[in-house]
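Reminder, nothing fancy here: chain letters follow the sequence lines and each chain counts from 1.
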Protein chains: 2
Amino acid sequence: MSNADATVFIIDDDPAIRDSLALMIAQENISVMTFENAEAFLDACQPECLGCAIIDIRMPGMDGMQLQEELSKRNILLPIIFLTGHGDIPMSVRAIKAGAVDFLTKPVTREKLISAVRSAICESEKITTESIHHHDATSRLAALTDRERDVMMLAIQGYPNKEIARHLEISHRTVEIHKSKIMHKTGAINLLDLARLAHEGGLI
Amino acid sequence: MSNADATVFIIDDDPAIRDSLALMIAQENISVMTFENAEAFLDACQPECLGCAIIDIRMPGMDGMQLQEELSKRNILLPIIFLTGHGDIPMSVRAIKAGAVDFLTKPVTREKLISAVRSAICESEKITTESIHHHDATSRLAALTDRERDVMMLAIQGYPNKEIARHLEISHRTVEIHKSKIMHKTGAINLLDLARLAHEGGLI
DNA sequence: AAAGTAATCCGCGCGAACACGTATAGTGAG
DNA sequence: CTCACTATACGTGTTCGCGCGGATTACTTT
């Protein structure tokens with residue numbers, strides 16, 4: 001199965017809930033880690049981790065929604081499943097609109113939990129793939145000099161070399177040299193590829 | 001204001017609710033239309049309309065969620081605000097995940113209603129713009145012959161003309177002629193533009 | 001401190017390869 | 001017959017690899 005290295009992080013202040021959830025998930029052959037509060041989880045988690053977080057809304061200290069916000073701030077793109085005993089509709093709407101994949105109410109059935117976890121892990125795999133692409137693109141683009149970046153930005157907007165040359169007030173041959181170096185440095189095989197790369201790297 | 005031609009469609013079986021909502025929205029200088037049930041709204045609405053729909057979940061005949069699904073099937077991309085007196089959390093989660101912009105509970109405050117309507121109309125404007133682009137792209141691409149489409153698909157993946165020629169087992173000059181016709185028919189000014197167009201037209 | 005050295009960036013010219021518009025024309029399907 | 005597809009030929013413009021030079025910065029050597 002593809003979820004071999006995915007981990008479900010359970011953050012809940014109630015030990016009984018933690019154990020119960022952990023058991024249900026472990027029985028599906030998915031690895032689990034439990035945390036007593038948001039702070040402990042924040043200390044432990046990494047931006048690259050694959051899996052999902054099951055977060056209790058109501059906790060002493062930082063609550064679930066604050067944790068969601070903090071994770072987002074720290075660029076930790078872990079899909080979140082909220083779990084609560086005392087939620088209301090506005091809260092659930094806010095959570096889902098803020099990007100949570102699900103909002104479950106206690107007591108949760110095994111079926112709903114596992115279904116939510118599976119789709120969250122699936123989401124996490126997508127995010128991880130995209131993140132790798134993004135990181136790869138960014139690191140390649142980082143090798144470019146400022147001037148090369150100038151040329152690239154115009155090139156991927158479809159300007160021909162002559163136009164770029166006019167725009168930057170340099171010889172058209174120089175533009176081509178820059179472009180050539182850009183291609184080599186980024187490993188792009190053609191302009192379309194470069195445009196895709198720049199797009200993935202967030203430069204558009 | 002930019003919402004001059006946006007219309008809020010209210011679908012609710014309770015006349016008192018309809019009138020109350022319509023009044024609040026009309027006071028914001030936004031035009032309103034009311035409908036007693038889902039079927040009447042479906043008969044009246046068009047795919048191109050700008051604005052949003054405020055839909056009661058619980059209605060005789062087709063209910064709010066079914067209406068959402070039906071609108072989606074008919075490709076009517078109107079942002080939806082649900083309104084209900086007897087909703088629960090799973091329902092709200094499902095609705096938001098299915099694309100609704102908000103899920104309000106009766107009785108709704110004027111403030112929340114207007115805020116939801118404004119963001120929904122803003123969303124509608126985005127959708128409309130995208131939809132125009134998509135439609136435009138599709139209609140341009142529709143003029144292409146099958147062979148031209150073959151050539152285009154390879155071209156926008158970055159293959160040089162010679163490769164395309166080898167791949168299709170035709171002369172490289174013929175490929176260039178196809179490409180030229182493609183550019184003329186679609187109005188694209190260069191390859192990147194064509195790729196963007198194909199992307200907008202959903203051909204990738 | 002001064003001189004040499006390496007690295008980096010920016011620039012130019014030449015020539016080969018490639019792309020593209022125009023013109024001309026043959027073949028097969030509807 | 002018309003339209004789509006194919007092909008050929010010529011001319012022009014664009015792209016791109018290669019070699020070379022000037023300017024700046026930083027690091028090492030003397």
Touch class at under 4.0 angstrom, heavy-atom based, for [X] against every strand present:
{"X": "His178(A)", "value": "sugar-phosphate"}
{"X": "Arg173(B)", "value": "base"}
{"X": "Thr145(A)", "value": "sugar-phosphate"}

From [atom1] of [X] over to [atom2] of [N], roughly how many Å is that when rounded to an integer?
{"X": "Glu163(B)", "N": "dA19(C)", "atom1": "CD", "atom2": "C1'", "answer": "15 Å"}
{"X": "Lys181(B)", "N": "dG21(C)", "atom1": "NZ", "atom2": "P", "answer": "12 Å"}
{"X": "His172(A)", "N": "dT15(D)", "atom1": "NE2", "atom2": "P", "answer": "9 Å"}
{"X": "Ile170(B)", "N": "dA4(D)", "atom1": "CD1", "atom2": "P", "answer": "16 Å"}
{"X": "Leu191(B)", "N": "dC18(C)", "atom1": "CG", "atom2": "C1'", "answer": "13 Å"}
{"X": "Glu148(B)", "N": "dA4(D)", "atom1": "CD", "atom2": "P", "answer": "8 Å"}
{"X": "Ile182(A)", "N": "dC16(D)", "atom1": "CD1", "atom2": "P", "answer": "11 Å"}
{"X": "Ile164(B)", "N": "dT6(D)", "atom1": "CD1", "atom2": "C1'", "answer": "16 Å"}

If we ignore hydrogens and angles and just use 3.5 Å, is the side chain of Ser139(A) paired with the main-chain N or O of His135(A) as donor and acceptor?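 Yes, the answer is positive, given that a donor and an acceptor are paired below the 3.5 Å cut-off.
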Donor-acceptor pair, Lys185(B) side chain versus Ala143(B) backbone, under 3.5 Å? yes
For [N] and [X] - does any side-chain N or O of the residue sit under 4.0 Å from the phosphate oxygens OP1/OP2?
{"X": "Ser180(B)", "N": "dC20(C)", "value": "no"}
{"X": "Lys162(A)", "N": "dG13(D)", "value": "no"}
{"X": "Lys179(B)", "N": "dA19(C)", "value": "no"}
{"X": "Asn161(B)", "N": "dC18(C)", "value": "no"}

Measuring from the side chain of Thr174(A) (C-beta onward, heavy atoms only), which nucleotide among dC18(D), dC10(C), dT8(D) has the closest atom?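 For Thr174(A), the side-chain atoms sit closest to dC10(C).
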Ile177(B) side chain: which of dC5(D), dA7(D), dC9(C) is closest? dA7(D)
Mind checking what makes ring pair (Phe, Tyr, Trp, His ring centres under 6.0 Å) contact with Tyr159(B), not counting sequence neighbours? none
Without placing hydrogens or testing angles, list every side-chain donor-acceptor pair under 3.5 Å for residues 33-44 of chain A, not counting sequence neighbours.
| from | atom 1 | to | atom 2 | distance (Å) |
| --- | --- | --- | --- | --- |
| Asn37(A) | OD1 | Glu39(A) | N | 3.3 |
| Asn37(A) | OD1 | Ala40(A) | N | 2.8 |
| Glu39(A) | OE2 | Met62(A) | N | 3.3 |

Pairing of Lys106(B) and Asp14(B) as salt bridge, 4.0 angstrom limit: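 No salt bridge links Lys106(B) with Asp14(B).
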